[in-house]
2 protein chains.
Amino acid sequence: MDQRKRITLKDLAAKAEVHYSTVSRVMNPATRHLVADDVAERILRMADDLGFRPNRIAAGLRTRRSGLVGVVLPDISNPVFAPILAGLEGVLASQGYVPIVVNVGADKARQRFIIDQMMGRQVDGLILATAEREDPVLDYCVRQSIPVVMVNRGEDLGRVPCVVSDNTVGMRLAVDHLVTLGHRRIGHIAGPDSLSTGHQRKQGFISAVRRHKLRKGEWLIVEAANYGREAGREACRALLGQSPGLTAIAAGNDLLALGCYDHFREEGIACPGGISVVGHNDMPFVDALTPALTTVRIAVHEMGARAAILLLARIADAGAEVASVVLCPQLIVRGSTAPPAD
Amino acid sequence: MDQRKRITLKDLAAKAEVHYSTVSRVMNPATRHLVADDVAERILRMADDLGFRPNRIAAGLRTRRSGLVGVVLPDISNPVFAPILAGLEGVLASQGYVPIVVNVGADKARQRFIIDQMMGRQVDGLILATAEREDPVLDYCVRQSIPVVMVNRGEDLGRVPCVVSDNTVGMRLAVDHLVTLGHRRIGHIAGPDSLSTGHQRKQGFISAVRRHKLRKGEWLIVEAANYGREAGREACRALLGQSPGLTAIAAGNDLLALGCYDHFREEGIACPGGISVVGHNDMPFVDALTPALTTVRIAVHEMGARAAILLLARIADAGAEVASVVLCPQLIVRGSTAPPAD
DNA sequence: CTGAAAGCGCTTACAG
DNA sequence: CTGAAAGCGCTTACAG
């Protein structure tokens, strides 16, 4: 009923008339030199002919390395995560690792359950895209002392390496751009303050408007319920309800900006004619919106790649210094921002 | 340097003063009833206290089940695949399986290499989103007789179960809609003919226009180089170059439709005023485009879920009938289609 | 109901 | 350079 009986080290050794430990040495490039060249060559050829694929599960049991990395995602339908995953996967694969990815949502109990499962599967390390600024799951990982790195979102304590975009700079780019266009009344739709991205971007917004000496009342912040489009629409309504005179909005991410578009459409507000919007992330296809979204591009793919590199380093040497990586974002000016009407 | 020495069956058995086979029976719900209730309870409590997580790699070596499913993706940056992956992952997780996902691109040699790696990792089955109508990699999988199911794209021979959307119906919905609006000169931008989606949608288009008795010359097909946005732009240029009188385009997918938008923008063509467009897939956020894209919604999430269910059935019983699943698509009318100008 | 034993397919000191 | 042996952490017939 099932796959043709898989051939093993021993089968191959029998055919080659050598001890199976010799075959083992040949199959592993690192130990191949221990075997006479002619023998190695012969065995390699036979392995190829027979389609011998060493059982990595068995090897992993012996070496205590699974070659598996657990990737914990909060929301795979958010387009930011696809390129991050692609970046991760690329470098992991190049080193013979493979990601096991689980989409867990925001529930901490479930995250912990999943991480337990992953540890049961002997993952060599964990990449978390789910971290909150204070995160019990992260505490748990630290206690277990399993190699972990965070991606996109960090924690406040900095116990664990993380790879993030420079959110302060990102918001400053956004605000500088708006101010340069002539805006003085600017709103910010913040992401959840429990997430480092939400918090840092908000702080970045505040320090940027202060730098430009905007007075209290000229700027305003509303925190969205989450990073989704619908939450953005609601926050936009609240923001403009509180301060109808705003001429520009810096959104905490592109989905929130999309929610602003939705609100504008409902209310017949022109963009950028009536109000300007800047997003954050430059997620796929926001250039195809009308107006094309001005946004802060973060290096998502690179973020994934760097996180994988950091994790691999940590797997190789758990004592390595906790170094984090902060990637520089870039302002992408498109059609959703213009000088204010008045 | 590394994680606190992981505790094993034997450690736990020593503490509980029973044989470790007893502990094994307790840890597995299916064999728990073989052990006296009070003993089981005591062991369970101790396991919990000590944070014992059975080593699934070791168990897998013994049982010859890894609980791993390989997922082979052609292009993770295409937004269709995120919901498919989410659907897959959801049902796999509910059954104690976990996906290992690799983004391989279209290269068949690399696909085969990756599949070899996955088989070396003892995956219990494979989900391929990379299938072509004639696919050497699929031949290889069949020869290895490893459980496989295809998702989104099928093969011509139908040797392997697959879960796809009904592409013929999808194109008919699109064409019927356009004809109902009054269009008689309709172009189709086809995806690659080597892919079942490209081929079937093209055939669906042809039979739909014939049903409506459009004459030769009233309809036209151009095949895009791939399913990407840029290829769509080029194909749109070619299509309108060959037949400037077209009043509507049925695109092979949303990305191709997006490419049409790009071309229209370049050339100052109004949509839907000058020309109407229908997409396919209803990928995330095409409702936020201007005009919002009329498209054929395919049940992506469900597609993933069904594929996982099929695979699990096949893993349980390799002799099971090869049943495929064809999901019914749905037309979503939005702003990119309108009656022709003349 | 519980224990003792074999074995899954590898890796890697240890000899020679 | 090659072999013989132990052992990674489990599961599961087989006894009792």
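Naming convention: chains lettered A, B, ... in sequence-line order (proteins, then strands); numbering from 1 in each chain. None of these values were measured; they are calculated from a predicted model.
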Taking only residues two or more places apart in sequence, or in another chain, which ones meet B:Q95 in a side-chain contact (heavy atoms from CB on, under 4.5 Å)?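 Counting only residues at least two positions away or on another chain, B:Q95 forms a side-chain contact (heavy atoms from CB on, under 4.5 Å) with B:Y97, B:L312.
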Please answer whether the main-chain N or O of A:V26 pairs with a side-chain N or O of A:R32 as donor and acceptor at a distance below 3.5 Å. yes
May I ask you to verify if any side-chain N or O of [X] is less than 4.0 angstrom from the OP1 or OP2 atom of [N]?
X     : N      : value
B:S24 : D:dT11 : yes
B:T22 : C:dG3  : yes
A:H19 : D:dA4  : yes
B:R6  : D:dC8  : no

Find the distance [X]:[atom1] to [N]:[atom2] and express it as a whole number of Å.
X     : N      : atom1 : atom2 : result
A:N28 : C:dT12 : CG    : P     : 7 Å
A:L61 : D:dC8  : CG    : C1'   : 4 Å
A:L34 : D:dT2  : CG    : C1'   : 10 Å
B:D38 : C:dT2  : CG    : C1'   : 13 Å
A:R56 : C:dC10 : CZ    : P     : 12 Å
A:R62 : C:dG7  : CZ    : P     : 19 Å
A:R32 : D:dT2  : CZ    : C1'   : 17 Å
A:R65 : C:dG9  : CZ    : P     : 24 Å

[Y]/[X] salt bridge by N-O under 4.0 Å criterion:
X      : Y      : answer
B:D135 : B:K108 : yes
A:D139 : A:R159 : yes
A:D124 : A:R65  : no

Can you list the stems that DNA chain C is part of, where a stem is at least 3 pairs in a row, each Watson-Crick or G-U, with both distances below 3.5 Å?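 So far as stems of 3 or more pairs are concerned, DNA chain C shows C:1-3 with D:14-16, C:5-12 with D:5-12, C:14-16 with D:1-3.
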Please state whether the base of C:dG3 and the side chain of B:R25 form at least one donor-acceptor pair under 3.5 Å?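 Checked by distance alone, the answer is yes.
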Checking contacts here: which listed nucleotide ([options]) is nearest the side-chain heavy atoms of [X]?
X     : options               : answer
B:N55 : D:dT12, D:dC10, C:dT2 : D:dC10
A:L9  : C:dG9, C:dA4, C:dT11  : C:dT11
B:A36 : C:dT11, D:dG3, C:dC1  : C:dC1
A:Y20 : D:dG9, D:dA6, C:dG3   : D:dA6

Of B:V72, B:L138, B:T130, B:V123, the one forming a side chain to side chain contact (heavy atoms under 4.5 Å, CB included) with B:I115 is B:V72
Using a 6.0 Å cut-off, check whether atom NZ of B:K15 has over 12 heavy atoms from anything other than its own residue.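 No - once you tally the heavy atoms of other residues, nucleotides and ligands closer than 6.0 Å, there are 12 at most.
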Does anything in residues 37-50 of chain A form a side chain to side chain donor-acceptor pair (under 3.5 Å)? List the pairs, not counting sequence neighbours.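 Not a single pair qualifies under side chain to side chain donor-acceptor pair (under 3.5 Å).
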Look at all strands and tell whether B:T63 reaches a base, only sugar-phosphate, or nothing, counting heavy atoms closer than 4.0 Å. sugar-phosphate
Could you check B:S21 against B:A58 and say which one's nearest nucleotide on DNA chain D is further toward the 5' end?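 Its nearest nucleotide lies further toward 5', so the answer is B:A58.
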